[in-house]
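When reading the values below, keep in mind they use all heavy atoms of this one structure, side chains included, and skip hydrogens, waters and symmetry mates. Everything quoted here is computed from the prediction, not taken from an experiment. Order of the sequence lines fixes the chain letters, A, B, ..., with proteins taken first and strands second; residue numbering starts at 1 for each chain.
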Amino acid sequence: MILHVHSQLGEAVRAAARAAFAAELATVSFQYPPRAELGDLALTAPFDLAKTLRRKPREIAERLAAELSRAPGVRKAEVAGGGYVNVFLDRAPFARGVYDWVADPAPAARVPGQVIVEHTSINPNKAAHVGHLRNAILGDTFVSILRHRGRDVGVQNYIDDTGVQVADVVVGFRHVAGKSYDEVAELAGGARFDYYCWDLYAQVGEFYAADPARKKLQAETLHAIEEGGNETARLAELVAARIVECHLATMERLGIRYDLLAHERDILRLHFWDRAFELLEKAQAIRRETEGKNAGCWVLTMESEGADEDKIIVRSNGTVTYTGKDIAYQLWKMGHLDRDFRYRRQKRYDDGHVLWTTTSGEGEDGAPRFGHAREVYNVIDVGQSYPQRVVKAGVAALGHEEAAEGSHHLAYEKVVLSPATARAMGYAVSEEETAVKVSGRKGLGVKADDLVDALVTKARAEIDVREDAREGERRAADERGRAAREISMGALRYFLLKFGRTKIITFDMEEALAFTGETGPYIQNGVVRARNIRAKLEDEGHRVPDLVARARALDLGAWLAGEEGDEVWSLFMLMARSDEAAEQALRAEEVALLAKHAFAVAQAFHSYYQKPRYSVLHAETEELRALRTLVVDAFVRHMEVLTRVLGIPIPERM
RNA sequence: GCGCCCGUAGCUCAGCAGGAUAGAGCAGCGGUUUCCUAAACCGCAGGUCGCCCGUUCGAGUCGGGCCGGGCGCACCA
């Protein structure tokens with residue numbers, strides 16, 4: 001909504017600059033005055049023009065202000081400070097526009113070209129932990145914003161089913177737990193297999209540490225898995241497949257779904273790397289070293305990477321590194337590898353959406369076209385920045401400049417544990433430590449399902465307290481359970497989104513369980529209240545659509561000019577800026593911007609509706625009731641969209 | 001050594017195309033419920049934006065240098 005105003009007024013400013021000063025402005029950006037009394041939008045173009053025109057900013061501002069005052073939708077424009085132009089919008093038509101926009105949000109213009117987002121990509125060898133949740137929630141929400149803003153997005157979850165981590169658990173089953181394939185199969189069919197593997201994986205760490213010679217088992221196992229067609233590979237396959245199902249179930253609790261599971265095994269079996277190697281060799285993007293420390297290796301030159309400029313892609317024993325495989329995968333994503341996976345249906349979600357999986361065996365018909373993206377976002381922790389740069393460099397070295405340009409690493413920092421939370425989990429933490437690193441090897445970390453369980457339990461307890469205090473009918477257990485799950489989901493998603501992605505999150509259980517203040521439940525609460533007001537109106541014989549229609553026909557201008565109007569106006573301005581917030585989130589690749597914006601909108605509504613003098617049901621006049629209903633209805637409708645984009649469900653009651 | 005990230009209120013963090021008096025949550029203190037549900041609202045208090053230099057009409061924001069903390073620079077993934 002506001003972006004439309006920006007471009008319209010921007011045109012007016014450009015025209016004015018042309019007419020008055022024969023100056024050509026490239027882009028006109030608008031800011032917002034620090035206080036509402038100063039105006040609705042602020043223009044800083046006079047400062048820029050002052051430089052090129054060698055005239056006083058104020059002088060330029062005067063001229064632009066005069067022109068802008070005549071622009072449609074503008075009530076007045078005045079010069080402030082050293083050369084700002086503050087624009088006051090005509091409130092009534094703008095407010096009607098905002099209402100129409102939120103009541104019937106036109107989908108954003110379709111942006112051509114496919115976008116692939118890879119996220120989650122957890123090693124399929126143990127339960128997901130809170131760090132993985134950060135990845136998945138970040139990725140899922142980014143996808144949602146992309147789609148909201150008109151992008152065609154495919155979501156891929158990379159399954160490293162032939163890596164060392166899976167190999168370690170296989171070693172665990174064989175040599176630590178001493179289980180046969182059938183015994184593992186039985187375990188895998190039971191509950192909490194991912195938890196079992198979590199503990200087993202930690203034991204394998206100790207097993208290796210006790211006798212370094214045992215590391216040989218890891219190498220042998222990994223080799224057998226890569227080779228395929230043997231008992232070890234079958235066991236690895238079983239473990240990985242079952243753990244992936246656990247991860248999918250965990251993520252589904254948070255509303256996170258995928259379009260494709262891309263398996264590393266299939267990248268190997270279908271010889272993606274061999275093809276990528278041919279391409280890289282032919283383009284002389286990689287070269288074989290004949291002397292020096294990298295003798296016998298194929299390396300990719302990394303410019304400006306410091307002392308160690310070359311990255312080894314193929315080891316001297318002829319095997320390819322992970323980074324090499326990743327280059328092949330990235331090339332496939334971008335449609336620059338003339339190979340493709342075969343596909344099978346993995347599962348069908350409740351809403352009918354099909355999750356596909358890659359396969360190197362027999363494929364099924366009907367798969368959509370995966371992997372011809374214009375833009376690729378890889379959601380991977382910041383520790384992978386260097387290999388991600390290598391992947392990008394590899395794509396670029398093949399001459400695919402645009403593809404390299406379109407390769408984004410959505411890097412995020414890790415999640416560490418607060419001393420209190422680590423202690424609660426039974427770890428000794430010294431006084432000086434301010435944070436404790438999670439460690440899969442040591443089995444130290446907060447499991448995703450445990451965290452969700454704790455949230456649901458806490459939310460349920462809160463609900464029970466409130467329900468028991470109620471007069472009249474109380475909710476049944478299953479309704480309370482559903483609300484508890486929805487509130488937990490909102491709390492967790494917001495909690496992991498509100499930090500910038502370059503910030504290390506020190507995870508504290510107490511803090512994560514908070515339902516007051518800047519949290520998901522705060523946002524949910526506002527919408528629930530607003531919906532409740534609408535419901536009460538209907539109960540008392542009013543019809544919300546009629547009231548809204550009536551309000552639209554009233555003199556909005558007079559009302560919006562008053563004291564109540566100021567509060568309503570700032571709420572409407574904030575709602576109008578949601579499209580801008582979403583675009584900013586995409587441009588800055590920072591999902592937190594939209595999450596924070598949603599909180600700000602909720603906050604503005606809370607502060608308004610809470611005041612008894614602005615009561616809708618007990619409004620002094622029918623006119624005021626109609627006007628306030630329009631506000632409440634606009635808020636609900638808008639927040640339904642915003643929260644859906646953020647993946648925050650709205651419970652029926654808190 | 002080189003590269004990246006972080007340093008803003010007691011604590012956790014916003015402030016990411018430089019812009020007006022630096023914001024929010026938590027914690028603290030004081031208020032608000034015969035009023036659409038208090039997971040709420042209102043108020044008070046709390047800041048040399050790590051330090052120095054520079055660019056600019058203007059720097060928390062950009063550049064350089066320093067200090068402190070974290071991560072990366074594997075023939076691991």
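Of the listed nucleotides (B:C71, B:A77, B:G3), B:C71 has the atom at the smallest distance from the side chain of A:K437. Side chain of A:D160, nearest nucleotide from B:A17, B:A77, B:C75: B:A77. The side chain of A:T44 has B:G19 as its nearest neighbour among B:A77, B:A17, B:G19.
The residue from A:Y322, A:F272, A:Y158 that alone fulfils the ring-ring contact (aromatic ring centres under 6.0 Å, His included) condition with A:Y329 is A:Y158.
In this model, no donor atom of one side chain and acceptor atom of the other lie less than 3.5 Å apart for A:N378 and A:Q384.
Under a 4.0 Å N-O distance rule, the pair A:R134/A:D381 does not qualify as a salt bridge.
Contact annotation: side chain of A:Q584 to base of B:A17, donor-acceptor pair absent below 3.5 Å. Residue A:N294 places no side-chain atom within donor-acceptor reach of the base of B:A74, judged by atom type and a 3.5 Å distance cut-off alone. Looking at A:T321, its side chain has no donor and acceptor atom pair within 3.5 Å of the base of B:C75.
Side-chain contact between A:L496 and A:L138 is absent, with no heavy-atom pair separated by less than 4.5 Å. Residues A:L43 and A:V28 have side chains in contact (heavy-atom distance under 4.5 Å, counting atoms from C-beta outward). Proximity of A:R531 to A:V527: side-chain heavy atoms (C-beta onward) are separated by under 4.5 Å at one or more points. In this structure, the side chains of A:K126 and A:I243 stay at 4.5 Å or more apart for every pair of heavy atoms. Put simply, the side chain of A:V632 reaches to within 4.5 Å of the side chain of A:F605, judged on heavy atoms.
One P atom belongs to B:A22, the other to B:C49, and the distance between them is 11 Å to the nearest Å. Comparing B:A39 with B:C2, their C1' atoms sit 50 Å apart, to the nearest whole Å. Look at the P atom in both B:G63 and B:U56: the space between them is 16 Å, to the nearest Å. As rounded to the nearest Å, B:A59 and B:G15 have C1' atoms that lie 13 Å from one another. With both ends at atom P, the span from B:C16 to B:U61 equals 11 Å, rounded to whole Å. Annotation: B:G3 and B:G64 have their P atoms spaced 10 Å apart (nearest Å). Separating the C1' atom of B:U37 from that of B:G23 is a span of 29 Å, rounded to the nearest Å. Between B:C73 and B:A77, the two P atoms lie 12 Å apart (nearest whole Å).
Within the nucleic acid shown, A:D381 has no heavy atom closer than 4.0 Å to any nucleic acid atom. Counting non-hydrogen atoms under 4.0 angstrom, A:E511 reaches the backbone sugars and phosphates but no base. Using a 4.0 Å heavy-atom distance criterion, A:V382 is classed as making no nucleic acid contact. A:Y614 comes within 4.0 angstrom of a nucleotide base, judged by non-hydrogen atoms across all strands. Residue A:A535 is out of contact with every strand shown, counting any heavy-atom pair closer than 4.0 Å. Across all strands shown, A:A167 has no heavy atoms under 4.0 Å from either base or sugar-phosphate atoms.
Nucleotide B:U34 holds its P atom 13 Å from the NE2 atom of A:H618, rounded to whole Å. Per the geometry, CD belonging to A:Q388 stands 16 Å off C1' belonging to B:C71, to the nearest Å. One atom, OH of A:Y84, and another, P of B:G18, lie 12 Å apart when rounded to the nearest Å. In this structure, the CD1 atom of A:I286 is 14 Å from the C1' atom of B:C75, given to the nearest Å. If you take CD of A:Q384 and P of B:C5, they are 17 Å apart, rounded to a whole angstrom. Computed from coordinates, the A:D508 CG to B:A27 P distance equals 13 Å when rounded to whole Å. The separation between A:L300 atom CG and B:A74 atom C1' is 16 Å, rounded to whole Å. In this entry the distance linking CZ of A:R35 with P of B:G19 reads 17 Å, nearest Å.
Scored by the side-chain contact (heavy atoms from CB on, under 4.5 Å) test, A:N123 finds A:N125, A:D160, A:Q165 as partners (sequence neighbours excluded). Contacts of A:K611 classified as salt bridge (Lys or Arg N to Asp or Glu O under 4.0 Å), with partners at least two apart in sequence or in another chain: A:E567. When the side-chain contact (heavy atoms from CB on, under 4.5 Å) test is applied to A:A240, the partners found at least two apart in sequence or on another chain are A:P124, A:D161.
Mapping A:G292 and A:E413 onto RNA chain B by nearest heavy atom places A:E413 closer to the 5' end of the strand.
Sorted by first and then second residue, the salt bridge (Lys or Arg N to Asp or Glu O under 4.0 Å) pairs involving residues 46-55 of chain A (not counting sequence neighbours) are A:R55-A:E59. Applying the salt bridge (Lys or Arg N to Asp or Glu O under 4.0 Å) definition to pairs two or more places apart or across chains, those involving residues 479-500 of chain A are A:D140-A:R493, A:D464-A:R480, A:D468-A:R480, A:R482-A:E652. Every pair passing salt bridge (Lys or Arg N to Asp or Glu O under 4.0 Å) that includes a residue from residues 508-529 of chain A is listed here, sequence neighbours excluded: A:E518-A:K596. Residue pairs meeting the salt bridge (Lys or Arg N to Asp or Glu O under 4.0 Å) criterion with at least one member in residues 26-37 of chain A, sequence neighbours excluded: A:R35-A:E37. Screening residues 586-595 of chain A for side chain to side chain donor-acceptor pair (under 3.5 Å), with sequence neighbours left out, gives A:H408-A:E589.
A stem is defined here as three or more consecutive Watson-Crick or G-U pairs, each with both distances under 3.5 Å; for RNA chain B these stems are B:1-7 with B:67-73, B:10-13 with B:23-26, B:28-32 with B:40-44, B:50-54 with B:62-66.
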For this session: If a protein heavy atom is under 4.0 Å from the base, mark B; if only from the sugar-phosphate, S; if neither, -; do that for nucleotides 37-47 of chain B going 5' to 3'.
Result: B-BBSS-----
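Residue A:Y386 and nucleotide B:G3 are not classified as a stacked aromatic pair, given the requirement of ring centres less than 5.5 Å apart at an interplanar angle below 30°.
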What N/O pairs connect the protein and nucleotides 13-15 of chain B at under 3.5 Å? Give each pair on its own line.
residue : atom : partner : partner atom : Å
B:C13   : OP1  : A:I504  : O            : 3.3
B:A14   : OP1  : A:G500  : N            : 2.9
B:A14   : OP2  : A:K503  : NZ           : 2.7

Distances for protein N or O near nucleotides 54-62 of chain B N or O, under 3.5 Å:
none

Exercise. Given the rule in the ring pair (Phe, Tyr, Trp, His ring centres under 6.0 Å) test, do A:H119 and A:F142 qualify, once you have shown the distances and angles that lead to the verdict?
Worked result: CA-CA 10 Å; A:H119 68 75; A:F142 194 70; over 10 Å; no
